[in-house]
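These notes are about the structure you will find just below.
Here is how names work: the chains are called A, B, and so on, in the same order as the sequence lines, proteins then strands, and each is numbered from 1.
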There are 2 protein chains.
Amino acid sequence: MPNTKIPHATAKRLPIYYRYLHFLSDAGKKRVSSTELADAVKVDSATIRRDFSYFGALGKRGYGYDVNSLLSFFRKTLKQDKLTNVALIGVGNLGHALLNYNFHQSNNVRISAAFDINEDITGTIQSGVPIYHMNDMKEQLTVQQIKIVILTVPASVAQKVTNELVEVGIKGILNFTPMRITVPNTVRVQNVDLTNELQTLIYFLDKFGSHDTEA
Amino acid sequence: MPNTKIPHATAKRLPIYYRYLHFLSDAGKKRVSSTELADAVKVDSATIRRDFSYFGALGKRGYGYDVNSLLSFFRKTLKQDKLTNVALIGVGNLGHALLNYNFHQSNNVRISAAFDINEDITGTIQSGVPIYHMNDMKEQLTVQQIKIVILTVPASVAQKVTNELVEVGIKGILNFTPMRITVPNTVRVQNVDLTNELQTLIYFLDKFGSHDTEA
DNA sequence: AGGAATCTTTGAAAAAATTCACAAATTAAA
DNA sequence: TTTAATTTGTGAATTTTTTCAAAGATTCCT
C-alpha cells in the first residue's frame with residue numbers, strides 16, 4: 001500500500017538515501033542490499049527496509065534493491081526530476097557562502113534571486129545570482145513565482161521579513177536565523193540552527209555512549 | 001530525580017530554550033510560563049514542562065519559571081559557563097562564512113584554529129583566527145587540546161580527515177559534509193546537511209498539513 | 001480572607017519510531 | 001537438481017517521544 005502516509009522520520013531520511021544511491025549509480029553499481037546501505041548512511045538496515053516499504057515493494061528477496069530503478073523512483077518522489085528555483089533572503093556572511101554553495105550539483109535547486117538592503121551589492125550579480133533590494137522582494141518573488149526561500153537575515157528582522165514572504169505566497173522557508181518564526185500552517189519551515197548544533201554537540205560530549213546524531 | 005537520563009529529543013531542545021531565556025533575561029523579564037515559552041519556541045507546552053522536569057522541579061506552580069535561575073541552571077547544564085575552543089577544518093566557502101559567523105556572541109564558543117591545504121591562506125589570520133596547513137593539523141589539535149571540530153572539507157576527503165581527527169582524540173565533530181563519516185563510538189558526530197534540508201523542505205511541500213520541522 | 005484563576009508536576013495514555021526475528025522468495029553453488 | 005546462502009517484507013515487540021488530564025501549589029483579585 002504505497003504512499004498513504006509517509007512518517008516524518010522516514011521522509012527526513014529520503015535525501016540521505018537518494019544521495020548515496022546517486023553515488024552508487026555513478027560508481028556503476030547495479031544492486032545494493034539494505035545492509036550495505038545501512039553501513040554507508042549509518043541507519044539501521046531494518047529501518048531502511050521499513051522506510052522503503054512505505055513506498056511499496058521496491059526490492060527483491062535474495063537480491064536486494066536495483067540501484068537505478070530505486071534511484072529514479074526517489075528522484076521522482078523527491079521531485080528532483082525538475083529544477084526548483086529558490087530565493088536567498090539576506091546576503092551577509094552566511095548568505096554569501098550559500099550563494100557559492102553548490103546546491104545545484106546534486107540537488108537540482110537553483111538560487112535564482114537574492115535580496116539584501118546593502119546598496120553596495122544590490123543591483124550587482126554575485127556568483128551568477130542577481131541581488132535585488134529588499135524593497136523589491138515582494139514584487140520579484142511574485143513575478144518569478146518563487147515558492148521556497150532560504151532565510152539568512154539578522155534575527156531581529158526575521159519575523160518581519162517572514163510576514164512579507166507569507167503575503168506573497170511563499171510555501172517553504174529554510175530558516176537559518178535563530179528565531180522560531182511564526183507562519184500560517186500552509187507554510188512549512190525547516191530550521192537550521194548552527195549555534196544549536198554546536199551546543200548540542202557540546203552537551204552530549206562527556207555523556208559518552210555517543211555516536212551519530214541527526215541535524 | 002534529576003539528571004539520571006535525559007532523552008535525546010529533550011537534549012536537542014535545550015539550546016533553543018537556553019537562547020530564548022537569554023533573550024527574556026536581557027529584556028528584563030523575571031518570570032515565564034511554559035505556555036509563553038511554547039509560543040516563542042514552537043514546542044508544545046506539555047513537552048516543555050516534561051523536558052524541564054527531567055532536571056527536577058525547576059518551576060513553581062501557579063507562578064511559572066524564574067527566568068534568571070532557569071537561565072543559570074541551563075548555562076551550567078549546557079556548559080556555557082566556560083569558553084569552549086573548537087577548530088575549523090577546511091576554509092572554503094562555507095568554512096569562511098563560519099569563521100565570521102558569530103558563534104561567540106551567544107554561544108561561548110570560539111574558533112581558535114582553522115586548517116586548510118590552500119597555501120594562499122595558510123599562515124594568515126582570517127577574522128582573527130590563524131589558518132594552519134592541514135599538515136600541521138594533528139600537531140596543533142594536540143597542542144591546543146581541542147576536542148571539538150567543525151568539518152567543512154570536501155566530501156571526498158571527509159573520511160580520511162576524520163580518521164586523523166579520531167587519532168588525536170577529537171570527541172565531537174560538527175559535520176557539514178554530505179558524507180556519513182565513520183567514527184568509534186567514543187566520538188560524537190552531529191550532521192548538518194544543507195542539501196538535505198532543502199530537499200526535505202521540497203519533499204514536504206505540497207504534502208500540506210505543514211508547519212514546523214526541526215533541522 | 002476567600003475564591004477564582006494560573007500554572008507546574010507527573011502518572012498514564014497515546015502516538016511515533018525503531019528494532020527483532022522469521023517466513024517467503026530468490027540467487028548461487030555444488 | 002538439490003542445498004545452502006542471501007535478503008526482502010512485515011507482523012509483533014520494544015523503545016522513545018508526545019500529549020492528556022488532573023491533583024497540588026501559588027498568585028491575584030475582590
To the nearest Å, how far apart are L58(A) CG and dT7(D) P?
17 Å

Any non-hydrogen side-chain atom of F73(B) less than 4.5 Å from a side-chain atom of L58(B)?
yes

The side chain of K60(B) lies closest to which of these nucleotides: dA17(C), dT26(D), dA25(D)?
dT26(D)

Starting at the 5' end of DNA chain C, which residue's closest nucleotide do you reach first, R31(A) or D44(A)?
D44(A)

Using atom CG of D51(A) as one end and atom P of dT10(D) as the other, report the distance to the nearest whole Å.
14 Å

In whole angstroms, the gap separating P of dT27(D) from NZ of K30(B) amounts to 17 Å

When G62(A) and A46(A) are each assigned the nearest nucleotide of DNA chain D, the 5'-most assignment goes to G62(A)

Value in whole Å for how far the P atom of dT8(C) lies from CZ of R61(B):
10 Å

What is the nucleic acid contact for S34(B), judged by heavy atoms within less than 4.0 Å: base, sugar-phosphate only, or nothing?
sugar-phosphate

Starting from the 5' end of DNA chain D, give me the residue, Y63(A) or R50(A), whose nearest nucleotide shows up first.
Y63(A)

Does F23(B) have more than 12 heavy atoms from other residues, nucleotides or ligands lying within 6.0 Å of its CZ?
no

Without decimals, in angstroms, what is the distance between F52(A) CZ and dG9(D) C1'?
13 Å

Got more than 12 heavy atoms from elsewhere within 6.0 Å of CD1, I117(B)?
no

Give a yes/no answer on whether the side chain of R49(B) brings an N or O atom under 4.0 Å of OP1 or OP2 in dT6(C).
no

For residues K30(B) and S25(B), is any side-chain donor paired with an opposing acceptor at under 3.5 Å?
no

Under 4.0 Å between a side-chain N/O of T47(A) and OP1 or OP2 of dT19(C), yes or no?
yes

Between OH of Y54(B) and C1' of dT10(C) the distance, given in whole Å, is 11 Å

Side-chain contact test, heavy atoms from C-beta onward, threshold under 4.5 Å: evaluate it for I89(B) versus M134(B) and give yes or no.
yes

Over how many whole Å does the gap from I48(B) atom CD1 to dT10(C) atom P extend?
17 Å

May I ask you to say what T10(B) touches in the nucleic acid, namely base, sugar-phosphate or nothing, with a heavy-atom cut-off under 4.0 Å?
nothing

Do any side-chain nitrogens or oxygens of Y65(B) fall under 4.0 Å of OP1 or OP2 in dT26(D)?
no

I need the NZ-P distance between K12(A) and dA16(C), as an integer number of Å.
15 Å

